[in-house]
Amino acid sequence: MATWKKLIVPIVITPILLLLAYGFKTNPRQVPSPLVGNSAPPFALSSFDGGTTGLEQLRGTAIVLNFWASWCFPACFEEAPALEAAWRAYKDRGVMVLGVDIQDREADAKAFIERFKLSFPNGPDPQGRMSIDYGVYGVPETFFINREGTIHYKHVGALTKQMLQGKIEEML
Amino acid sequence: MISTLGRFTMALALGIALYGAIVSILGARRRKPALIESGRGAVFAVFGLATFAVLLMEAALVGRDFSIQYVARNASLGTPLLYTVIAMWGALEGSILLWIWILAFMSLLAVVIEGKRNREAMPYATGVLLSISAFFLFLAAFPANPFTAIFPPPADGRGPNPLLQNHPLMAIHPPCLYAGYVGWSVPYAFAMAALMTGRLGEEWIRTVRRWSIVAWGFLTVGVILGGWWSYEVLGWGGYWAWDPVENASLLPWLTGTAFLHSIMIQERRKMLKVWNLALIITTFALTIFGTFLTRSGILSSVHAFSESTIGPLFLAFIGVILLVSFGFLVYRSDGLKAEGDLDSLVSRETAFLMNNLLLLGFAFAVLLGTLFPLISEAVRGVKVSVGEPFFNKVNVPIGLVLIFLMAIGPLIAWRRASLDSLRRNFSLPLLLAFLGTGVSSILGVRGLYPLLAFSLAMFAAATVIQEFARGVRARRQISGEGYLTALSNLTRRSRRRYGGLIVHLGVVLVVIGITASTVFRLEKEVSLKRGESMHLGRYQVRFDDLTAWQEAHRFVVQGTFTVLNANRQVAEMRPSKRFYPSEQQPIGTVDVRSTPREDLYLILSSFTQDGASATLKVLIRPLVMWIWIGGAVMALGALVAIWPDRRVLAAEPVKERVAWQPGRS
Amino acid sequence: MRRTLLSLLIVGVVGVWLRPAVGVGLEEQTQLLAAELRCPVCQNLSVGDSPSEMANQMRELVREKLKNGESPEQIRAYFVSRYGEWILLAPKRQGFNWVAWLLPFGAILGGVGVIGFVVRRSVSKSRAPREGPLPPLDPRYASRLQAELKEWGQ
């Protein structure tokens, strides 16, 4: 039998199997953000209790920008205490924690803030402009913006205290 | 108790399947009838055990036995009975149980129906079928056991995924689709048997074709029902999103259709033996590939069952199937050379070869597009998306050429088509196609692809009608029967041919439906206050009311809209949003008013808390109903083609050329 | 065959001539662009088709950007800069992505060539006069043939 005939079957089929096997290592739901390493898009967040915070004002401060929603269970519920703790620990060391509430209702958002006693500024994103500007595709997502205004790291999913601490320390 | 019983049943069935597979093949090779009988018995036993397992699971579901993990996850006290019963196939483990049962049933049918006619091949085929069953039983006995117990049993279950309890279609779409997938196991088993016995004669072709048409028919209905489900239940206004799992159901359909055509060449000219075997193997492998995609988590899809560990097992199974089957085929290929030759370039044989090429090209485009995000990530490290814009741009031209082939295929003679015959056959359909094009452009169709689609569809329809008309006329000239009698006798005499033509007619309806609903689609999204109206096309839609109430298993907010046409009330429609306790986002339920002319489709996008205003999206899509009707016509054609003749076969078939003798290779 | 091709040609010319007027309205342009963007929170749906809130917001943004005079290319580039290439529902026609767009057609064209070659070879084989010895006669028939020839001979 001709050599090519003997080899054709494994030669054609093996790459396909390898490709599919490679698929097990990837996660189709994790999309890497092109913003990491670039300047953070400017924003002006009006918080629930009045007052506006803009990116320009915060030049020189490290920012933890957290996108959340009151219906995002269980992830946002898990990370809210960690965020509050991080805020309290680092607010005098030049770190700002900001929460952006997306696709939500004001009453539900305020109830969420009340439930976890969040003392850092939280504001709505009524038309989604800010979340689109940051390439947000789910909640929760957190951006770590360093003092020069560059996005240092983006985290998708709930944050733990250790992770928060680690990333904030990296920025200081 | 049910848990232990169920787990034992699965393990026992696995053991018997393995035993039966080994014993069947051994018995066939060593010519020991006792072993073969035992293998046959194993098929019956596996079916019995599978039926018992299904009944057990249903008993657990209906009895709300939450001590079983599957029931706790997929049923709840508040879920209505119908959705509790069909929850059996709503999640991973149960769907594997359904697959096992359908496979066991089809294996049983194959053994009973084909046993006498295919004495030499049957034990080999039985062995292959039991091996496939063994794989799925292995999954059900170990990693994906539906009867796993949970301790302590919860007070109430989570209930099925809300998308799966929104519409009774969930009762028929999965079983139908699975029957379509599983059905291809039988042709595959006989194909492997042919490689083992060396026999590929008339009886083998008849057997394989019979089961292929059955599998194809179920697969067609399953795919069309999937589109219907997407349209009515997912509620985004479309019926096909080129989602990876939708694509995966289309792939075996395409290769299966190619096979149903090229097998005719083998039947008449004893050519393409290797090609046809390769097509059967590919189709079967693609059916497993489809279930692999849903369960592996490598591509994101609407259908993805939760990611599980059985992905690698499926991949290994596919790898074994491909390497062993194709390896065997290549090994035997020398004995499978063509016994005939082609007579002319212009012939139906060539048209069928082109048909095969284009169907496989279409399938290749779909497969490439589906896997390209993975390929791109592997090669460039960059994630890309491949969705509707890509598939439409690539597949539509290929599809148009396919419709052209479908139109001319029946008009070109076998072996050699003379210019005269071409002229005679083509004139009337061409003329009608021309007229059709004219009518289409008057009706407002613009653009090359839509015009071509309509013209070619009409060309194909004219061909089918011409063939029927000629046949009826010829019969009446001889026998003087009435039209209907002539028609039914004509069809009965040549079921495959006329059944096939009916299928072509069904395809024409589907193509016209898809083209019209895409090209003439109208949509508008507007916020309305109570009493306000909006208009789209011929209709005015007025927002009347917004009501809300609590049901046992969900909270419903429903909008009432009155639809008017020239100030005359046409309908009252009620799209809603349903809030399920286990879901973060509400599930929208659309309301569709379907007529043969067009569908009016209402989506309740959002509403204010006080019910004073609502945002409504309205779609008008003409001729959508033609798609569903076309699907039914295709299934009807398959039924006609496969309906058994009561004719007794005249004489013993001539001893077919045997490629090699078993036991002496 | 000639007539078929001629009629198809006519249909083609008519079709191209009657090309649909390119939608200039804001709504149509928004719909066209929205159909090319992937809804980030859905499974494989476009921003145009998706009923989700995020898709609504993205549609609004596209509409506003178009109103401000941005070109479709600029708007696409904006979304790609925020989400990555993944946000486009069809791979951009550049570099490696050409594989996806061209390989199917290449394969089909290649297939046409293969079919042409195979068919021609088969046709010429059937036309060639049978050369060489005929395949050996099955011995059962051979003895019967002898017997019948003897009968005829009588």
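What you see below is based on every heavy atom in this structure, not just the backbone, and it leaves out hydrogens, waters and symmetry mates. Note on naming: letters A, B, ... go to the chains in the order of the sequence lines (proteins, then strands), and numbering restarts at 1 for each one. Note that the structure is a prediction, hence the values are computed from the model and not measured.
Taking the centre of each ring, C/Tyr78 and C/Tyr83 stay at or above the 6.0 Å mark. Aromatic pair B/Tyr231/B/Trp240: ring centres not closer than 6.0 Å.
Under a 4.0 Å N-O distance rule, the pair C/Glu73/C/Arg76 qualifies as a salt bridge. A salt bridge is absent between B/Lys617 and B/Glu525: the closest approach of a Lys/Arg side-chain nitrogen to an acidic carboxylate oxygen does not fall below 4.0 angstrom. Residues B/Lys524 and C/Glu27 are not paired through a salt bridge, judged by the lack of any N-O separation under 4.0 Å between the basic side chain and the carboxylate. Between B/Glu523 and B/Arg621 there is no salt bridge, since no side-chain N of the basic residue sits under 4.0 Å from a carboxylate O of the acidic one. The existence of a salt bridge linking B/Lys383 and C/Glu85 is excluded, since no basic side-chain nitrogen approaches an acidic carboxylate oxygen closer than 4.0 Å.
Counting heavy-atom pairs closer than 4.5 Å to chain B, the top-ranked of the candidates C/Ala107, C/Pro91, C/Ser50, C/Ala100 is C/Ala100. Most heavy-atom pairs under 4.5 Å with chain B, from the set C/Ser46, C/Ala90, C/Ser122: that is C/Ser122. Between chain C and the options B/Trp236, B/Phe364, B/Phe362, heavy-atom pairs under 4.5 Å are most frequent for B/Trp236. Counting heavy-atom pairs closer than 4.5 Å to chain B, the top-ranked of the candidates C/Ile87, C/Asn56, C/Ile115 is C/Ile115. The candidate from C/Gln31, C/Arg120, C/Lys92 with the greatest count of non-hydrogen atom pairs under 4.5 Å with chain B is C/Gln31. For chain C, the option among B/Ser606, B/Ser344, B/Gly237, B/Gly238 with the highest count of heavy-atom pairs below 4.5 Å is B/Ser344. Each of B/Leu367, B/Leu368, B/Thr350, B/Leu358 has some count of heavy-atom pairs under 4.5 Å with chain C, and the biggest count is that of B/Leu368. Taking C/Pro104, C/Ser52, C/Pro51 one by one and counting their heavy-atom pairs under 4.5 Å with chain B, the maximum is reached by C/Pro104. Top candidate by heavy-atom pairs under 4.5 Å with chain C, chosen from B/Pro389, B/Gly387, B/Ser605, is B/Pro389. Listed options B/Glu388, B/Glu349, B/Arg380, B/Met271 were ranked by heavy-atom pairs under 4.5 angstrom with chain C; first place goes to B/Arg380.
When heavy atoms are compared at a cutoff of 4.5 Å, B/Ile398 approaches chain C solely by way of its side chain, counted from C-beta outward. Looking at B/Leu345, both its backbone and its side chain come within 4.5 Å of chain C, counting heavy atoms on both sides. Contacts between C/Arg59 and chain B at a heavy-atom distance below 4.5 Å involve the side chain alone, from C-beta outward. Contacts between C/Leu88 and chain B at a heavy-atom distance below 4.5 Å involve the backbone alone (N, CA, C, O). Contacts of B/Val394 with chain C are made by both backbone and side-chain atoms, with heavy-atom separations under 4.5 Å. For B/Val379, the part lying under 4.5 angstrom from a heavy atom of chain C is the side chain only. Interface remark: B/Met354 contributes backbone and side-chain atoms alike to the contact with chain C (heavy atom separation under 4.5 Å). For a residue to count as touching a neighbouring chain, one of its non-hydrogen atoms must lie under 4.5 Å from one of that chain's; by this rule C/Val114 does not touch chain B.
Checked options B/Leu432, B/Ile403, B/Ile408, B/Thr437; the residue passing with B/Phe459 is B/Ile408 (criterion: side-chain contact (heavy atoms from CB on, under 4.5 Å)).
Between the side chain of B/Ser376 and the main chain of B/Pro373, no donor-acceptor pair closer than 3.5 Å is present. The main-chain N or O of C/Leu45 is never found under 3.5 Å from a side-chain atom of C/Arg38 such that the two would form a donor-acceptor pair.
Among residue pairs with one or both ends in residues 39-53 of chain C, those qualifying as salt bridge (Lys or Arg N to Asp or Glu O under 4.0 Å) are B/Arg521-C/Asp49; sequence neighbours excluded.
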